[in-house]
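Presented below is the structure to which this report refers.
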Amino acid sequence: MAKNLFESEEPKIHLINAVNYLATFLENGYSILVPKEIKKIAVDKVLEHYKLHIDTYNVTVNGIDPYKVYSWLGLYLYEEALEHNNSEVSDAILKATIICMNRALHEEGRTLPKFYLKKIFNMVKSDFNGKTSLGIRKNGLYLTFRSASLCSFVTSDIEIESESDYDAKGE
Amino acid sequence: MSISINKEELYTIDDLNDSLTKIDSNNASIHYTNQKTPDDVVNHMPYNTGIFFSSTSDDEFLKKSIQKDIEFANSVF
């Protein structure tokens, strides 16, 4: 019988703490309180989408992916705020989400440049302000950070002359 | 700036267990699977990031980290 991911404590702690990290950030950084009832609905939605995603893409699961959690959680809250016509709150939620995703990436020893974090913010917003052909929405947002997390360095096949070679030629 | 933690509104293990009970009864559980081939698409918590999130159970650690991230956010946006 297949083992439930949440049979062990660690994925539960990771998920709970990730949710509370974003919520505490929102309260302290932007004076936005996400009531517990909203958090509960949001996590239900995240888990629902998580299951759909892993079944659709045949994903092997052995832990909670913080980038999925933040993207889908953050965008749920973002869309709820937009529906209540509160663009200041929705913008703050999106900024906090992106910063939390970058925090998760930072702990892996990586980061995205500030100009790119701003661009990501604008590209998510495009989906909600009439520029859908230019937007990335919640799956693009997740992929952006997940790709940064997974990328590795390789050696180029192109041979490049070193600076010392140029010096020797007197160029 | 001092960071405060709103204990009453924190999402808890009981809240998560309620959600998990609902998804289990809808047959929508997320199952743990071992990687079978190097080409499998693997969903996981990166090791150091996992340590970070576990550490945020400590209030002082959480507050320091949030403070840093608020300062960082203000420098970005």
Contact part of [X] toward chain A, heavy-atom cut-off under 4.5 Å: side chain, backbone, both or neither?
X     : answer
B:E8  : backbone
B:S65 : both
B:L16 : side chain
B:N17 : side chain
B:K63 : neither

Counting only non-hydrogen atoms closer than 4.5 Å, does [X] touch chain B with its backbone (N, CA, C, O), its side chain (CB onward), both, or neither?
X      : value
A:L117 : both
A:D55  : neither
A:E9   : side chain
A:E27  : side chain
A:A18  : both
A:L33  : side chain
A:V59  : both
A:F121 : side chain

Out of [options], return the one with the most heavy atom pairs under 4.5 angstrom to chain B.
options                    : answer
A:N62, A:I13, A:I99, A:D65 : A:N62
A:E10, A:R103, A:H53       : A:R103
A:K95, A:E108, A:H106      : A:K95

Take atom [atom1] in [X]; do more than 12 heavy atoms of anything else shown fall under 6.0 Å from it?
X      : atom1 : result
B:F61  : CZ    : yes
A:Y116 : OH    : no
A:K45  : NZ    : no

For [Y], is there any backbone N or O sitting under 3.5 Å from a side-chain donor or acceptor partner on [X]?
X     : Y      : value
B:T49 : A:E107 : no
A:H14 : B:G50  : yes
B:E9  : A:K36  : yes

Problem - Basic-acidic side-chain contact under 4.0 Å: B:D15, A:K39 - result: no
Exercise for the section: With A:N28 as reference, evaluate B:I5, B:N6, B:D69, B:I70 under the side-chain contact (heavy atoms from CB on, under 4.5 Å) test and give the passing residue. Expected result: B:I70
Could you tell me the separation between the [atom1] atom of [X] and the [atom2] atom of [Y], rounded to the nearest 0.5 Å?
X     : Y     : atom1 : atom2 : value
B:L10 : A:N20 : CG    : CG    : 4.5 Å
A:L47 : B:L20 : CG    : CG    : 6.0 Å
A:T24 : B:K7  : OG1   : NZ    : 9.0 Å
A:F6  : B:H31 : CZ    : NE2   : 12.0 Å

Practice task
Apply side-chain contact (heavy atoms from CB on, under 4.5 Å) to A:I64 and B:F53, showing your working.
Solution key: CA-CA 11 Å; A:I64 284 294; B:F53 280 119; over 6 Å; no
Handout entry: A:Y57 reachable from A:L52 in the ILVMFWY side-chain graph, under 4.5 Å edges
Key = no
Exercise for the section: Could you state whether A:L73 and A:L143 fall into the same hydrophobic cluster, counting links through intermediate Ile, Leu, Val, Met, Phe, Trp or Tyr residues with side-chain heavy atoms under 4.5 angstrom apart? Expected result: yes
Practice task
Using only heavy-atom distances, determine whether the side chains of A:T60 and B:N43 contain a donor-acceptor pair under 3.5 Å.
Solution key: no
Practice task
Report yes or no: do A:K40 and B:S19 form a side-chain donor-acceptor pair below 3.5 Å?
Solution key: no
Problem - Leading residue by heavy atom contact count with chain A [cutoff under 4.5 Å; candidates B:A73, B:S54, B:S4] - result: B:S4
Exercise for the section: May I have the step-by-step check of side-chain contact (heavy atoms from CB on, under 4.5 Å) for B:V76 and A:K118, ending in yes or no? Expected result: CA-CA 7 Å; B:V76 173; A:K118 277 198 278 207; 4.0 Å; yes
Practice task
Taking the six-membered ring for Trp and the full ring for Phe, Tyr or His, determine whether the centres of A:Y21 and B:Y11 are under 6.0 Å apart.
Solution key: no
Handout entry: Derivation of the side-chain hydrogen bond (donor to acceptor under 3.5 Å, both in side chains) call for A:N17 and B:S57
Key = CA-CA 7 Å; A:N17 286 0; B:S57 295; 2.8 Å; yes
Handout entry: Stepwise side-chain contact (heavy atoms from CB on, under 4.5 Å) check, A:I16 with B:I13
Key = CA-CA 7 Å; A:I16 290 164; B:I13 194 109; 3.9 Å; yes
